[in-house]
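Here's the structure, in structure tokens; my notes come after.
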Amino acid sequence: MDTRHMRYFVALAETLHFGHAAARMNMSQPPFSRQIAGIEKALGVRLFERNSRHVALTPAGRHFLGDCRKTLAAFEAACRDAQLVASGVKGELRLGFTMYAAQSVIPRLVRRYAEIRPDVHLILEERIPTEIDEMLLEGRLDAAVNFATGDNPHLKTASLGRDRLQLVVPADHRLAGEEAVGPQQMEGERLIAAPAAVAPTLRSAIAIYFAAGGVVPFFGFEPRLQQTIVQLVAEGLGIALVPQSISAQLPAGTVSRPLIDAPEFDVVLCAPAASKSPTVPSLFEVAMMA
């Protein structure tokens with residue numbers, strides 16, 4: 001028994017006429033009648049009561065008709081779903097992002113993608129930058145929003161905009177009232193920043209910024225997460241240079257100030273260059289919308 005046999009049975013059950021049912025199935029009547037007889041033999045039950053002028057369903061036939069309709073509908077739905085998944089209209093997309101993107105790019109990107117691909121299940125994973133790179137290359141993420149890290153032949157990218165560093169200090173700090181701050185004004189201050197092994201783009205930008213001003217930075221604390229960094233600043237334990245994208249939601253007791261000639265860096269959508277996920281191309285299309 002397979003779906004083909006079920007369709008033969010349903011055709012006869014709905015028409016109750018061998019000639020009409022055979023025509024529906026594009027068959028002549030004799031082979032069609034043999035198929036019906038074969039179905040009954042395989043099941044070991046009579047599905048139809050029939051004589052030369054009358055065809056009717058048996059109780060077993062009526063029950064079998066309901067089950068066949070459900071099974072065929074499920075099979076057809078499975079076929080449609082397979083086609084939709086293959087085309088990227090349905091399925092799953094694992095999207096990674098950093099904390100900075102969570103407060104800027106991600107809400108807009110997710111909303112736009114959900115509008116054009118409502119049947120794609122988005123799995124969102126907030127990660128540190130270096131974890132994102134590893135997970136992309138290992139296939140544990142389909143795409144991610146991260147800071148650009150230079151040319152990587154294993155990743156394809158699309159620019160989502162630019163971010164820049166901004167100073168965060170305690171509200172009562174000597175620099176809190178400055179219109180803009182340069183490296184020399186921060187000399188001797190205890191800096192709080194994520195280590196290079198966690199956020200290489202940010203750490204490199206901070207180091208280059210101070211070096212350009214002839215200042216050797218003093219890193220007092222090196223937590224992994226930006227939330228921890230700004231909380232430590234709020235406790236008066238140091239100052240921090242953080243992406244402008246997160247400085248709009250700082251904890252109480254802190255203020256942000258622009259940096260003179262602030263370092264800038266690209267925020268990009270990236271995915272494995274060899275990705276075969278059918279949901280990724282439409283994500284890039286959304287990302288490149290104005």
Side-chain angles (χ1 to χ4, degrees), residues 73-164 194 197-203 224-228 242-249 264-290:
F75 176 71
E76 290 166 1
C79 293
R80 287 194 302 272
D81 283 352
Q83 293 167 337
L84 292 173
V85 169
S87 64
V89 175
K90 195 170 186 175
E92 178 180 283
L93 193 153
R94 299 162 297 172
L95 179 64
F97 60 95
T98 62
M99 175 189 171
Y100 332 111
Q103 300 190 28
S104 55
V105 175
I106 284 294
R108 183 174 67 254
L109 181 62
V110 168
R111 176 179 57 79
R112 288 177 176 174
Y113 189 76
E115 287 173 354
I116 70 165
R117 290 291 185 266
D119 292 325
V120 172
H121 176 50
L122 272 172
I123 299 174
L124 304 177
E125 296 201 30
E126 184 173 348
R127 299 282 179 167
I128 62 175
T130 49
E131 284 179 341
I132 286 176
D133 291 340
E134 291 174 2
M135 293 176 73
L136 284 171
L137 296 178
E138 292 172 0
R140 291 185 286 142
L141 288 175
D142 297 309
V145 176
N146 202 356
F147 293 126
T149 56
D151 293 334
N152 186 332
H154 302 293
L155 296 177
K156 61 178 179 181
T157 62
S159 177
L160 298 175
R162 292 181 68 79
D163 207 340
R164 64 174 58 195
V198 169
T201 299
L202 294 183
R203 189 58 176 259
R224 288 162 51 94
L225 303 178
Q226 294 295 306
Q227 289 174 324
T228 306
V242 303
Q244 190 177 44
S245 55
I246 70 167
S247 63
Q249 298 184 16
E264 294 187 346
F265 29 83
D266 290 318
V267 179
V268 297
L269 174 66
C270 46
S275 172
K276 292 183 174 61
S277 170
T279 58
V280 168
S282 55
L283 180 66
F284 272 76
E285 290 174 12
V286 168
M288 290 185 283
M289 292 178 182

In chain order, what residues pass the side-chain contact (heavy atoms from CB on, under 4.5 Å) check against Asp81, with sequence neighbours excluded? Leu84, Lys90

Is there side-chain contact between Phe97 and Asn146, with heavy atoms separated by less than 4.5 Å? no

Step by step, would you call Arg162 with Arg164 a side chain to side chain contact (heavy atoms under 4.5 Å, CB included)? CA-CA 7 Å; Arg162 292 181 68 79; Arg164 64 174 58 195; over 6 Å; no

With sequence neighbours excluded, what pairs up with Ser245 under the side-chain hydrogen bond (donor to acceptor under 3.5 Å, both in side chains) test? Asp163

Go through the structure and list residues passing side-chain hydrogen bond (donor to acceptor under 3.5 Å, both in side chains) with Thr98, not counting sequence neighbours. none

Contacts of type side-chain contact (heavy atoms from CB on, under 4.5 Å), residue Glu131, not counting sequence neighbours: Arg127, Ile128, Arg224

Would you sort out whether Ser277 and Ser275 count as a side-chain hydrogen bond (donor to acceptor under 3.5 Å, both in side chains), showing the intermediate values? CA-CA 6 Å; Ser277 170; Ser275 172; 4.9 Å; no

Which heavy atom of Leu136 sits nearest a heavy atom of Ala271, and at what distance? CD2-CA, 4.3 Å

Pairing residues for Ala158 by the side-chain contact (heavy atoms from CB on, under 4.5 Å) criterion, not counting sequence neighbours: Phe284, Met288

With a 4.5 Å heavy-atom cut-off, do Pro129 and Thr201 have their side chains touching? no

Min side-chain heavy-atom separation Val267-Val145 under 4.5 Å: yes

By side-chain contact (heavy atoms from CB on, under 4.5 Å) - contacts of Val268 (at least two apart): Ala148, Thr157, Asp266

